[in-house]
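Down below is the structure, laid out as structure tokens.
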Amino acid sequence: MAYGFKPVRVAGGAAPTPNCVNSYSIASAFATSIFTGDPIKMTTDGTLILATVGAPIVGIFAGVEYTAANGSVTFSQYWPASTVATNIKAYVYDDPMTVFKVASDQDTTALVAASKGENADLVAAAGSTSTGQSAYSLDSSTKGTGSDIGFKILGSAEEDDSFGAVGTPSDVYVLMNECFYKAPTAGI
């Protein structure tokens, strides 16, 4: 089951801390919901929108705080589409060395042990407005060595350190490869 990108540690082993999260802005009335665990990118005016395949990723969305039109301060796991607000602070895991756990879809091509070090792109999907959680996953069929591919595969996140077969989603660890804050690298 897809659940977006969840921070688990910083490369080197330390757990992510609030220091790993920075605040950005979302345009008032932005018409698309953004969920915790969604990859996001920056627009030319400096506000955030959902990332797409091939675009530099600023980071992974971690919730939002804003002043609603009625003046109340609101904290939310997701940005509700078309919300009119001020003082918008979108919280983002933007450290390029943050390791994330994500479900690999394993749809037509399975990730295997030899996939470690390769890159793969994201699969976009709408999250849940009841939980605020993302439904993004990793597209196993895009694995390759190109530097223009979104995420670097570090290995299996399964308890037995295995990868699922085709048709059996599998949890994996990744780093942002096409990251706004670092140069992307080719896979091995």
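For the numbers below, each heavy atom of this structure counts, side chains included, while hydrogens, waters and symmetry mates do not. Predicted model, so just to flag it, every value in this text is computed and none were measured.
In terms of heavy-atom proximity, Asn119 sits nearest to Lys152 at OD1-NZ, 3.1 Å. Between Ser162 and Ser156, the shortest heavy-atom contact is O-OG, 2.6 Å. In terms of heavy atoms, Gly59 sits closest to Met176 at CA-SD, 3.5 Å. Across every non-hydrogen atom of Leu111 and Ser104, the tightest pair is CD1-OG, 3.4 Å. Minimum heavy-atom separation, Asp139 to Leu122: CB-O, 4.1 Å. Nearest heavy atoms, Val174 versus Ile153: CG1-CA, 4.2 Å.
When atom types are taken as modelled, the side chain of Asp105 and the backbone of Ser140 share a donor-acceptor pair closer than 3.5 angstrom. Listed for the Thr142 side chain is a donor-acceptor partner under 3.5 Å among the backbone atoms of Asp121. In terms of modelled atom types and a separation under 3.5 Å, the side chain of Asp171 and the main chain of Ala157 share no donor-acceptor contact. Counting only distance, with no hydrogens or angles, the side chain of Asn177 and the backbone of Ser147 share a donor-acceptor pair below 3.5 Å.
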The test is side-chain contact (heavy atoms from CB on, under 4.5 Å); show your working for Ile26 and Ile40 and say whether it passes. CA-CA 11 Å; Ile26 298 172; Ile40 47 90; over 6 Å; no
Step-by-step side-chain contact (heavy atoms from CB on, under 4.5 Å) determination, Val172 to Leu154: CA-CA 7 Å; Val172 296; Leu154 300 179; over 6 Å; no
Check against side-chain contact (heavy atoms from CB on, under 4.5 Å), Gln106 and Thr168
CA-CA 6 Å; Gln106 304 290 79; Thr168 307; 5.6 Å; no
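Applying the ring pair (Phe, Tyr, Trp, His ring centres under 6.0 Å) definition to pairs two or more places apart or across chains, those involving residues 137-187 are Phe5-Phe151. The stretch residues 106-134 participates, sequence neighbours left out, in no ring pair (Phe, Tyr, Trp, His ring centres under 6.0 Å) pair at all.
When side chains are defined from C-beta on, Pro39 counts as touching Ile60, because their heavy atoms get closer than 4.5 Å. Contact annotation: the side chain of Ile49 approaches that of Lys41 to within less than 4.5 Å [non-hydrogen atoms, C-beta and beyond].
When hydrophobic side chains of Ile, Leu, Val, Met, Phe, Trp and Tyr are connected at separations under 4.5 Å, Phe75 ends up clustered with Val73.
Remark: Val166 engages Ala110 in a side-chain contact (heavy atoms from CB on, under 4.5 Å) (not counting sequence neighbours).
Here the CD atom belonging to Glu178 is positioned 6.0 Å from the CG atom belonging to Asp148, to the nearest 0.5 angstrom. Atoms OG and CD1, on Ser76 and Ile34 in that order, are 11.0 Å from each other to the nearest 0.5 Å.
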Show me the donor-acceptor pairs, under 3.5 Å and distance only, between side chains in residues 123-137 and residues at least two apart or in other chains.
from   : atom 1 : to     : atom 2 : distance (Å)
Ser128 : OG     : Ser130 : N      : 3.2
Ser128 : OG     : Ser130 : OG     : 2.9
Ser128 : OG     : Thr131 : N      : 3.1
Ser128 : OG     : Thr131 : OG1    : 3.3
Thr131 : OG1    : Gln133 : N      : 3.1
Gln133 : NE2    : Tyr3   : O      : 2.7
Gln133 : NE2    : Thr36  : O      : 3.0
Ser134 : OG     : Asp38  : OD1    : 2.5
Ser134 : OG     : Tyr136 : N      : 3.0

Solution key, residues 77-88 side-chain donor-acceptor pairs under 3.5 Å, sequence neighbours excluded:
from  : atom 1 : to    : atom 2 : distance (Å)
Trp79 : NE1    : Phe30 : O      : 3.2
Thr83 : OG1    : Pro80 : O      : 2.6
Asn87 : ND2    : Thr67 : OG1    : 3.2

